[in-house]
2 protein chains.
Amino acid sequence: MNDVAAAAGVALKTVSRVVNDEPGVNAATALRVKAAIDRLGYRRNDGARTLRRGRTASIGLVIEDAADVFYSSLSRAVEETALHHGCLLFTGSSQEDAARERDLVLAFCARRVDGLIIVPAGTDHTYLAPEFEAGTRAVFADRPPGAGCEADVVLSDNAGGARAGAAHLIAHGHRRIAFLGDLPRIFTAAERLRGYREALAAAGLPYDEGLVAMGPADPARLRADLARLLRAADPPTALLTGNGRTTVETLRALASITGSATGAFVEGVRPGLGGLALVGFDDFELADLLGVTVVAQDPARLGRTAADLLFLRLAGDDGPVTRFELPTRLIPRGSGERPPPPRRDHP
Amino acid sequence: MNDVAAAAGVALKTVSRVVNDEPGVNAATALRVKAAIDRLGYRRNDGARTLRRGRTASIGLVIEDAADVFYSSLSRAVEETALHHGCLLFTGSSQEDAARERDLVLAFCARRVDGLIIVPAGTDHTYLAPEFEAGTRAVFADRPPGAGCEADVVLSDNAGGARAGAAHLIAHGHRRIAFLGDLPRIFTAAERLRGYREALAAAGLPYDEGLVAMGPADPARLRADLARLLRAADPPTALLTGNGRTTVETLRALASITGSATGAFVEGVRPGLGGLALVGFDDFELADLLGVTVVAQDPARLGRTAADLLFLRLAGDDGPVTRFELPTRLIPRGSGERPPPPRRDHP
DNA sequence: GTGAAAGCGCTAACAC
DNA sequence: GTGTTAGCGCTTTCAC
C-alpha cells in the first residue's frame, strides 16, 4: 500500500480509501491510484485488515467427518450461508474424537473466527468458556454442548423420529423389533434409542435388551450382531437402524447373511432382507430405488438453521440461549410396510 | 500480551517466548508468566502472528460442491494432510461457476493463504498470475488449469478409465453402446468421451453421435435422453455413464422408464435395467449390492496427492510443473458383464 | 478532498 | 536470561 501510494504520488490513506471504495476521493486521484494498483499488482492483505478492524469475517465449522454425506450436506449449507454474509469458512473433522474437536475449535479461536458451528464429539466444553468470555459466539448443531456450556443448539427430533419409525413397524403388526444403533455415548444414538423404547412402551410391548445392538457402524460388528439376533430363539421380524451408515451396512450384512447374491438389483435375484421389515433412520442415496422406508432428517436445513442463528448472534442478537428441534419425516417405501411372517406357534 | 507482561512483571518479549515455547527462559519466570496467562485468560492472536511471520499456515480449497460425495472425499483427504502440516483449511464450493471460483480463490488469496488446491470450474486462470507472482502456490485437482496458467495438476486417468469401461462392454459382445456424459465443457466429461471413442475405434466400431447424450446429471434430462435412445430404431444394448451422479440418476430413470416398481431390491421384483448392460464411471454407495459394474476413481487419493504436492512446493520444491495421472480401476459386479440380447435379424 | 500519526497483536533482530 | 525497538499491512482518528 505504501508502494502504491508512492507510485501514485499520494498518501497511504488515500490508497486505503480507494481500495475500500470510501467516499471523498477525487475521481482523478482515484484513477491514478487504481492505475498504480494495477501496475504494481497490489492486492489488499485481508489478514492485516482484520487485525485492525477486530472482525475476521470468518467462521469455523467442526463436524464429525467431511466425507460423510450427512455432514457434507450440513457443511455445504453452512458454507452457503457464510458466503452470503461475506464470511469465509474454516472446516475441520473431529473424527468423533473429543481432543481433536477441542484442538480444532481452539485453533479456529486463535485465528479469531467471529463464530463457530460445532458438531460436538466430546461432552465437556468448559474449554470454551474463555472464548465465550472474549466474545466468540458458538452454535452447536446435531448434538447439544456438554453440561456447563450455555450455547444455542439446533437438533433433529431424534427421539420423535425413532419413535415414529418404531411405531410404524408396530402399526404393521411387528412385535419383535430390533434396534441397531450407534455408540450409546453419542447423543443422537441415545436419543433414538429412547424414542424406540418410548414407542414400545406406548404400544404396551416389552423392552428386550437382547433386541438392541449399539456400536460403531462397522461392517464386521453389524454382521456379528445381526447373525446373533437372527439366530435367537425368538428373532426379530423387523429392524430399526439408527443412522445412514448403519442402514447401508445392515443391508450389506443381510445380503451376506441371507446368502442372497449381490447384484440382486441388476440380476433380479430375490435379495437381501430375508423376510425382515426395515426402517432406517436417515435417508440415503438410492433408498428410493431400493424401497427402503426411512425416517429422514434434513442435514442441509440443520446447517442452514445453525448458520442463520450464528449470524443473528454476530449481528448483535443477545436473546436467551435457544434450542431448535427440527422435525423428521417418515418416508414409506416398502421395506417398512411388510407384515411379519405368520407365527408358527399360532397357525 | 502486554497485559500478561505487566501482570507477570516481565517484558512483552518474555511472554512471547513462553507462549511459543522458545528456549532461554528461566523456569520460574516461565511459571509466573503462565500463571498470568491463565489468570487473565490470555489466548494468542494467530492473525497478528501470521501477519508478522509472513506465513498464514492456512490453505484454501475450492471444489465444485462440498455436498457431492466425490468432492467431499477429496476434501476430507486434503483436510487431513493440511492438519498434519499444522495448516488450517478454508473451503468453498464453486458450483461449477467460473466467476464464483475466481471470487473464492481471490478471497483466499486476500487472506494470504500459503497455497491453494483448486478444482477449476472456469478455463481462464490468468487471474491467478499476480498471485503466483506474489508467491502463492496452487495445485489443480481433478481438472487442469486453463491455458496460459502453469501449475501442478493431479488428475484421474479419465480417458483410460472410460476406454476400459467401453472395452469391457465390447468384450462382452456389445456393439451398440450409449454414452451418457456430463456437460462437454467439463474437462473430465470431454476426456471420458474421448476414451469411449477410442475404445470404439480400437474395436473397429463406428462412432454414432446418436448414441451419445451429454448434459447435466439432471433427472428430467436423463429420462428424456434415455427414452430417446431406447425408442430408436437400433437402440443401444449397453450404457456407459459418465460420472457417479449420472449413474445413479440413470438407474432411477431406467426404473421409471421400464416401469419396474421402485422397491425392487426389497420386494424382489425384477428391476430396472430392462435388459441393458451398464458400466458406470465412479464407484458409488451400494453399487456393490446393486451389482453395478464401475470404473472407480479414488477421490481421496486425488486429494491426498494434490495436498502432498502442494506442501512439497510450500517446503521449497521448485522443480518443473508436474502432471500426475492416477489410474482408475474397473470393478466387475454383474451389470457390465451381461451379454447383449440375441439379435432378431440374425436369429 | 487529503494526509499524518497512532496502533491492532504479534515476532525478528539485536542489545544488555 | 531478559528487554528494547522496529515493523508486518492495514484502519481509525483527527488535523489540515
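Naming: A, B, ... by sequence-line order, numbering from 1 per chain.
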Quick one: does any side-chain atom of E79(A) pair with a main-chain N or O of S93(B) as donor and acceptor, under 3.5 Å?
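Yes, the answer is positive, given that a donor and an acceptor are paired below the 3.5 Å cut-off.
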Look only at the side chain of S156(B) and the backbone of L326(B), and say whether a donor-acceptor pair between them is shorter than 3.5 Å.
no
Shortest non-hydrogen separation from S72(A) to A66(B) and the atoms involved
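Distance-wise, the nearest heavy atoms are CB-O, 3.3 Å.
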Starting at atom CG of L40(B), determine the distance to atom P of dG9(C), rounded to an integer number of angstrom.
14 Å
If you count heavy atoms of other groups shown closer than 6.0 angstrom to CZ of F324(A), is the number above 12?
no
Considering the terminal five base pairs at each end of the helix from dG1(C)-dC16(D) to dC16(C)-dG1(D), what angle separates the two local helix axes, rounded to 10°?
40°
Check D65(B), T91(B), D68(B) against R76(A) for a side-chain hydrogen bond (donor to acceptor under 3.5 Å, both in side chains) and give me the one that passes.
D65(B)
Where along nucleotides 5-11 of chain D does protein come under 4.0 Å, by heavy atom, of base (B) or sugar-phosphate alone (S), with - for untouched nucleotides?
-BBBBBB
Note: [X]-[Y] ion pair, threshold 4.0 Å (strictly below):
| X | Y | result |
| --- | --- | --- |
| E64(B) | R245(B) | no |
| D318(A) | R137(A) | yes |
| D3(A) | R39(A) | no |

With heavy atoms under 4.0 Å as the rule, sort T50(B) into base, sugar-phosphate or nothing.
nothing
Would you say a side-chain N or O of T14(A) is under 4.0 Å from OP1 or OP2 of dG3(C)?
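Indeed, a polar side-chain atom of T14(A) lies that close.
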